[in-house]
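Scroll down for the structure; my scribbles are underneath it.
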Amino acid sequence: MSDPMRPRASLRTAVVWEVLKDALDRRVKATGRDVLDVLDTGGGSGNFAVPAARLGHRVTVVDPSPNALFALERRAAEAGVADRVRGVQGDAHGLFDVVERGGHDVVLCHGVLEYVDDPAEGVRNAVAALRPDGVLSLLAAGLGGAVLARALAGHFKEARQALDDPNGRWGEADPVPHRFTADQLTALVEGAGLRVAAVHGVRVFADLVPGVLVDTEPGALEALLKLEAAAAEHAAFHSVATQLHVLGETRGAGGA
């Protein structure tokens with residue numbers, strides 16, 4: 001998989017990476033430490049872990065897939081950051097079987113809540129891994145984006161089912177167990193004791209625009225990236241985003 005800086009992957013990761021990079025920079029300034037301890041739960045092959053390590057931070061990736069962790073190891077080596085990236089097999093439910101509580105400046109919980117039985121527990125575990133002045137980066141599937149995508153594909157009954165279903169699922173064949181609204185995600189973050197610092201819509205347009213247009217029209221990719229970045233902070237677009245990103249801060253980090 002590509003890094004956030006590579007063009008095609010940027011459509012999926014650019015907004016989140018810019019927010020995360022800014023949060024890392026702010027923690028460096030606030031703590032006076034150039035090297036932060038970052039935990040990436042469900043980090044897979046290192047979409048965010050490797051770029052974070054390139055900034056000089058120590059990153060621990062927890063993922064249940066041995067194949068993903070093998071790809072992470074290879075990718076970190078190719079990027080020259082193998083000494084700053086550690087992969088361990090585990091999941092959000094048994095997080096503290098493999099990492100320490102309260103030992104991380106920043107915790108990433110990206111693409112995890114959709115697949116856990118108890119999303120609230122998943123957020124609580126992520127928060128428990130933070131230091132008293134830590135930051136949580138939470139990324140999860142958005143309900144509205146799925147409803148819109150099914151409707152535009154002509155699957156109107158599935159769109160209605162996703163809209164009415166408590167978990168935002170459009171049917172038995174839906175591969176995503178849980179989807180969320182922005183209000184639901186912020187409630188989970190606040191319920192775990194954090195302050196919500198920012199909410200962003202991710203992939204508001206990227207999944208709806210024909211790929212051939214982006215690949216062949218001169219300047220289209222750059223223009224679409226700028227549009228995504230501009231729309232991400234507008235609450236009006238949160239309800240139709242494919243993914244939602246919430247940045248949470250502990251009370252100790254709030255003044256940073």
Side-chain angles (χ1 to χ4, degrees), residues 1-4 12-13 16-17 20 23-24 27 35-79 81-141 167 175-180 185 188-189 191-194 243-250:
M1 297 180 73
S2 298
D3 291 336
R12 296 179 176 272
T13 58
V16 179
W17 173 246
L20 179 60
L24 289 166
R27 293 316 306 147
V35 179
L36 301 177
D37 292 302
V38 179
L39 173 64
D40 189 353
T41 64
S45 61
N47 262 359
F48 292 94
V50 169
R54 281 202 190 108
L55 296 177
H57 305 302
R58 289 185 294 263
V59 187
T60 298
V61 175
V62 177
D63 197 278
S65 167
N67 290 336
L69 293 174
F70 177 76
L72 168 71
E73 183 178 356
R74 183 177 64 229
R75 187 175 183 176
E78 290 172 354
V81 295
D83 59 326
R84 295 195 292 273
V85 177
R86 179 174 70 103
V88 292
Q89 191 171 1
D91 56 31
H93 177 70
L95 186 61
F96 300 113
D97 292 337
V98 293
V99 300
E100 85 175 281
R101 290 179 180 269
H104 304 88
D105 300 287
V106 178
V107 172
L108 281 58
C109 186
H110 294 174
V112 172
L113 295 191
E114 297 93 325
Y115 302 100
V116 298
D117 293 333
D118 186 349
E121 179 194 37
V123 176
R124 287 194 299 269
N125 281 352
V127 171
L130 285 171
R131 289 181 170 138
D133 55 351
V135 173
L136 170 69
S137 175
L138 180 66
L139 182 69
N167 292 313
V176 179
H178 302 280
R179 291 188 179 88
F180 304 88
L185 286 180
L188 287 172
V189 170
L194 298 190
Q243 293 178 306
L244 294 164
H245 182 247
V246 178
L247 195 70
E249 297 178 338
T250 64

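This one's a predicted model, so the numbers in the text were calculated from it and none came from an experiment.
- Note on ring orientation: taking the six-membered ring where Trp is involved, the planes of Phe48 and Trp17 are tilted (angle from 30° to 60°).
- In this structure, NE2 on His104 lies 5.0 Å from OG1 on Thr60, to the nearest 0.5 angstrom.
- The only member of Arg58, Arg27, Arg131 that meets salt bridge (Lys or Arg N to Asp or Glu O under 4.0 Å) when paired with Asp105 is Arg131.
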Requested in this report: Tell me, with the steps shown, if Leu188 and Phe180 meet side chain to side chain contact (heavy atoms under 4.5 Å, CB included).
Outcome: CA-CA 10 Å; Leu188 287 172; Phe180 304 88; 4.2 Å; yes
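- In the displayed structure, Asp83 atom CG is contacted under 6.0 Å by more than 12 heavy atoms of other residues, nucleotides or ligands.
- Remark: Glu121 CD is packed, more than 12 non-hydrogen atoms of other residues, nucleotides or ligands lying under 6.0 Å away.
- No donor-acceptor pair under 3.5 Å is formed between the side chain of Arg54 and the backbone N or O of Ala79.
- In this structure a side-chain-to-backbone donor-acceptor pair under 3.5 Å is missing from Thr41 to Asp63.
- The distance from atom CZ of Arg124 to atom CG of Leu95, rounded to the nearest 0.5 Å, is 13.0 Å.
- Each of Leu20, Asp40, Leu136 was evaluated against Val106; a single residue qualifies, Leu20, per the side-chain contact (heavy atoms from CB on, under 4.5 Å) test.
- In this structure, the side chain of His57 engages the main chain of Leu36 through a donor-acceptor pair within 3.5 Å.
- Gln89 contributes a side-chain N or O that, together with a main-chain N or O of Pro64, makes up a donor-acceptor pair within less than 3.5 Å.
- For the residue pair His178 and Asn167, a side-chain donor N or O sits within less than 3.5 Å of a side-chain acceptor on the partner.
- Within the model, atoms CG of Asp118 and CG of Leu113 stand 10.0 Å from one another, a figure rounded to the nearest 0.5 Å.
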Query raised in the report: Could you go step by step and tell me if Val81 and Val59 meet the side chain to side chain contact (heavy atoms under 4.5 Å, CB included) rule?
Result: CA-CA 10 Å; Val81 295; Val59 187; over 6 Å; no
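- Considering every non-hydrogen atom in both Asp37 and Gly103, the closest pair reads CB-O, 3.8 Å.
- Heavy-atom contacts from other residues, nucleotides or ligands closer than 6.0 Å to CZ of Phe70 number 12 or fewer.
- Heavy-atom minimum distance, Val189 versus Gly248: CG1-CA, 4.1 Å.
- From Leu139, atom CG reaches atom CD of Glu114 across 7.0 Å, with rounding to the nearest 0.5 Å.
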